[in-house]
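For the numbers below, each heavy atom of this structure counts, side chains included, while hydrogens, waters and symmetry mates do not.
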Amino acid sequence: MTQHDIKLPHRRLGTQGLEVGAVGLGTMGMTMAYGASDEQSGITTIHRAYELGVTCFDTAELYGMGTGSNEQLLGRAVKDFRDDIVLATKFGFDLSDPKKIGAALDSRPEHIREVTENSLRHLGTDHIDVLYQHRVDPDVPIEDVAGTVGELIAEGKVRYFGLSEAGPEVIRRAHAVHPVSVLQTEYSVFERAVEAEVLPVVRELGIGFVPYSPLGRGFLTGAVKPAAEYPADDMRSFDDRWQPGNYEKNLAAVHELRALAEAKGIAVTQLALAWLLAQGDDIVPIPGTRSPRRLEENAAAAHVTLSAEDLTRIHEILPDGAAGARYPEYAMPTW
């Protein structure tokens with residue numbers, strides 16, 4: 001039996017009973033943001049994830065750009081083992097105007113209900129395991145959002161309430177209305193902003209943490225090229241970390257991380273995921289991939305143990321994370 005065939009250990013997220021494999025799978029890149037999609041490779045990757053013990057599968061209304069395509073792909077892929085896994089999806093955007101997709105927010109209670117019904121239909125299921133607010137809507141009190149999701153939980157349409165990219169005050173206010181099981185926010189060796197204020201709050205309140213983009217949107221795979229070499233429909237073409245100046249600094253850091261990984265006989269991606277898992281047993285990263293081979297590599301990171309010296313060396317290489325902002329200014333979440 002190889003490392004890639006060992007089933008994942010489980011971790012608990014929050015105190016309401018949510019338990020998943022230690023590494024999940026993000027599906028956004030299967031239909032958007034990383035160039036042309038390939039449905040069959042996505043389905044094959046999802047099936048391999050299930051074989052390896054991945055139980056947390058993450059999607060969102062936004063990932064279908066208003067069409068439901070990402071949720072539909074995931075729903076088709078998991079239909080034969082749906083009851084064995086955790087399906088997480090998100091609401092919170094106004095997708096009515098194609099020109100404003102990803103920019104306009106809408107977390108009004110009636111819209112939450114509308115999106116939830118659509119997601120249930122697209123996923124081909126009678127309940128959503130984790131329903132996240134994708135981004136905090138400044139025009140809708142978080143108490144109204146938490147109350148609406150709480151009603152959906154009482155109705156049996158949702159099991160757990162999640163927030164994404166919420167700050168400490170919003171987390172506390174939401175949690176006071178209905179328990180928040182999990183917070184999803186970007187976190188990796190490249191992006192550390194959550195460490196100062198967000199992680200302490202979720203741990204105080206007993207909320208699990210799901211880092212998205214745990215591999216720096218692919219930069220930590222090492223299979224990268226400068227921004228100008230990506231097509232316009234690939235977010236790396238405008239991501240600040242790929243721009244001249246930042247790109248070279250980040251590439252140099254990845255080379256140093258790779259040297260450390262190779263000394264341990266693992267891939268640099270496994271080093272990055274193992275670092276995240278070492279930050280606490282309440283953390284379950286959701287790296288995204290369309291490749292079954294990459295999926296196997298990512299899942300195997302759950303069996304990697306880093307020493308105190310390894311963790312110190314990683315901090316020396318990236319003491320403050322990557323060079324460059326994680327989003328353009330207009331899209332940067334505000335806590």
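Residues satisfying the side-chain hydrogen bond (donor to acceptor under 3.5 Å, both in side chains) test with Y50, not counting sequence neighbours, are D84. With sequence neighbours excluded, the residues satisfying side chain to side chain contact (heavy atoms under 4.5 Å, CB included) with A278 are L311. Scored by the side chain to side chain contact (heavy atoms under 4.5 Å, CB included) test, S119 finds E71, T89, V115, I128 as partners (sequence neighbours excluded). Under the side chain to side chain contact (heavy atoms under 4.5 Å, CB included) criterion, T312 pairs with E316, not counting sequence neighbours. With sequence neighbours left out, the side-chain hydrogen bond (donor to acceptor under 3.5 Å, both in side chains) criterion links D129 to R82, H127, R159. For E110, the salt bridge (Lys or Arg N to Asp or Glu O under 4.0 Å) test picks out R108, with sequence neighbours left out. With sequence neighbours left out, R172 forms a salt bridge (Lys or Arg N to Asp or Glu O under 4.0 Å) with E204. Every side chain to side chain contact (heavy atoms under 4.5 Å, CB included) that D139 has, sequence neighbours left out, goes to D137.
Sorted by first and then second residue, the side-chain hydrogen bond (donor to acceptor under 3.5 Å, both in side chains) pairs with a member in residues 278-288 read R203-D282; sequence neighbours excluded.
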N/O donor-acceptor pairs under 3.5 Å from side chains in residues 252-266, not counting sequence neighbours:
residue, atom, partner, partner atom, Å
E256, OE1, R313, NH2, 2.8
K264, NZ, D310, OD2, 2.9

List the atom pairs, donor and acceptor, that lie under 3.5 Å between side-chain atoms in residues 220-230 and the rest of the protein, sequence neighbours left out.
residue, atom, partner, partner atom, Å
T221, OG1, G218, O, 2.6
T221, OG1, A223, N, 3.1
Y230, OH, K225, N, 3.1

Under 3.5 Å donor-acceptor pairs involving side-chain atoms of residues 142-155, not counting sequence neighbours:
residue, atom, partner, partner atom, Å
E143, OE1, R173, NH2, 3.0
E143, OE2, R173, NE, 2.9
T148, OG1, D144, O, 2.8
E151, OE1, R113, NH2, 3.2
E155, OE1, R113, NH1, 3.2
E155, OE2, R113, NH2, 2.7

